[in-house]
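Below you'll find the structure, written out as structure tokens, and then a few comments.
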Protein chains: 2
Amino acid sequence: MTQMTIGRLSKEAGVKVTTIRYYESIDLMGEPDRSSSGQRLYGDEAVQRLSFIRHARDLGFPIDSIRELIDLQHKPGEDCAHVDVIARRQLAGVRQKLSQLEALEAELKRMVSACAGGSIATCKVLESLGDHAHCLDAHDAGLISTQIGAKL
Amino acid sequence: MTQMTIGRLSKEAGVKVTTIRYYESIDLMGEPDRSSSGQRLYGDEAVQRLSFIRHARDLGFPIDSIRELIDLQHKPGEDCAHVDVIARRQLAGVRQKLSQLEALEAELKRMVSACAGGSIATCKVLESLGDHAHCLDAHDAGLISTQIGAKL
DNA sequence: CTTGTCTCTATAGTCGCTGTAGACTGTAGG
DNA sequence: CCTACAGTCTACAGCGACTATAGAGACAAG
């Protein structure tokens, strides 16, 4: 199996067809060969590259970092300190979000367990939300709030 | 102080001026009075409402949930079960993200600590990323990956 | 030959803002 | 009164990383 269609590549690497085309459009994946009718044809190295990208995305690396990592992969002689920096930056970000989410979880838990049923007029959840005494620092909260609500 | 400008409201509620105007544009905040020259003028109840919104956003509630919560606030006689559902949904989402982030943190930590310096050719971090044996389930990972990289 | 599944391109939408441009308004000091 | 300068106005483009849609063409199996 030297050449495969985009659908096949999609299954091999676990990345949606549309996403592969998107990666091509932003030059994260190079332009593949085309069949006589214009369909994309990929080789096995595309599976490798796409799997790398997917794994890095799963770990939350932004596209730009992945671009850097791929560039570095093609300079095998260089020092890997730069790679380390990128990974540590990512780890630091994840840890920051973890601690923010833990604070959120605590406040939400508190709110929900305070609710004893009853009417809206006495609802502890709404009361907590209206309360000015915030648990989180405004800056941190602003940073994280955009990200949590997104896909629930 | 019965009437205040948007800048004042911004400081009172801890929400940026542009964000307030955005909330108005999506009908999350109602249209305020205007001065003779067309500047927005808010009363104290706007501070209350905006603070409620901000606190809910800080906790990661999506705008649509906040809209629901505000609607419910205006029906004080009804049962608060619906409010509880919204809050629990949010808590469940936060907990899911927490566990995903914990898995991420573990893998990143493992990757980074495996790096002993040296050249890119032998870099353990790049090796891990290229590895097909993923720690996360593809679906979960896809859900979360979009959110973590965003603001690092 | 038909049916159904891929594949193609191009464009708009998602979420929750943020930034920009260019014009106007309000206020404090000289 | 004049001048700065901060605040406000509208309208629209951009962010990140996709996702969805429309409308058309391609290919494999029965």
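Throughout, a chain's letter reflects where its sequence line sits, starting with A, and its residues are numbered from 1.
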In whole angstrom, give the distance that lies between atom [atom1] of [X] and atom [atom2] of [N].
X: B/R67; N: C/dG16; atom1: CZ; atom2: P; result: 9 Å
X: B/R54; N: C/dC17; atom1: CZ; atom2: P; result: 11 Å
X: B/R57; N: C/dT18; atom1: CZ; atom2: C1'; result: 14 Å
X: B/Q39; N: C/dC24; atom1: CD; atom2: P; result: 14 Å
X: B/I26; N: C/dC15; atom1: CD1; atom2: P; result: 10 Å
X: B/L41; N: D/dG7; atom1: CG; atom2: P; result: 17 Å
X: A/D58; N: D/dA17; atom1: CG; atom2: P; result: 13 Å
X: A/R8; N: D/dA26; atom1: CZ; atom2: P; result: 24 Å

I want to check one thing: is the phosphate of [N], taken as OP1 and OP2, less than 4.0 Å away from some side-chain N or O of [X]?
X: A/R40; N: D/dA26; result: no
X: B/T19; N: C/dC17; result: no
X: B/S35; N: C/dT25; result: no
X: A/S37; N: D/dC27; result: yes
X: A/T18; N: D/dC18; result: no
X: B/R21; N: D/dC9; result: yes

Measure across A/L129 and B/A56 and return the closest heavy-atom pair with its distance rounded to 0.1 Å.
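Looking at all heavy atoms of both residues, the closest pair is CD2-CA, 3.7 Å.
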Donor-acceptor list for residues 32-40 of chain A side chains, cut-off 3.5 Å, not counting sequence neighbours:
{"residue": "A/R34", "atom": "NH1", "partner": "A/G38", "partner atom": "O", "Å": "2.8"}
{"residue": "A/S35", "atom": "OG", "partner": "A/S37", "partner atom": "N", "Å": "3.3"}
{"residue": "A/S35", "atom": "OG", "partner": "A/S37", "partner atom": "OG", "Å": "3.1"}
{"residue": "A/S35", "atom": "OG", "partner": "A/G38", "partner atom": "N", "Å": "3.4"}
{"residue": "A/S35", "atom": "OG", "partner": "A/Q39", "partner atom": "N", "Å": "3.1"}
{"residue": "A/R40", "atom": "NE", "partner": "A/E24", "partner atom": "OE1", "Å": "2.8"}

Listed nucleotide nearest any side-chain atom of [X], set [options]:
X: A/Y22; options: C/dC17, D/dA17, D/dT8; answer: D/dA17
X: B/Y23; options: D/dT8, C/dC17, D/dC18; answer: C/dC17
X: B/I6; options: C/dT7, D/dA17, D/dT8; answer: D/dT8

Return whichever of A/R34 or B/G38 has its heavy-atom-nearest nucleotide of DNA chain C closer to the 5' end.
A/R34
With the threshold set at 4.0 Å, does a side-chain nitrogen-carboxylate oxygen contact exist between A/E12 and A/R8?
yes
Carboxylate-amine/guanidinium proximity below 4.0 Å for A/D71 and A/K75:
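Not counted as a salt bridge, because no side-chain N and carboxylate O are separated by less than 4.0 Å.
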Distance alone, cut at 3.5 Å: any donor-acceptor contact between the side chains of B/S65 and B/R89?
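B/R89 and B/S65 do have a side-chain donor-acceptor pair below 3.5 Å.
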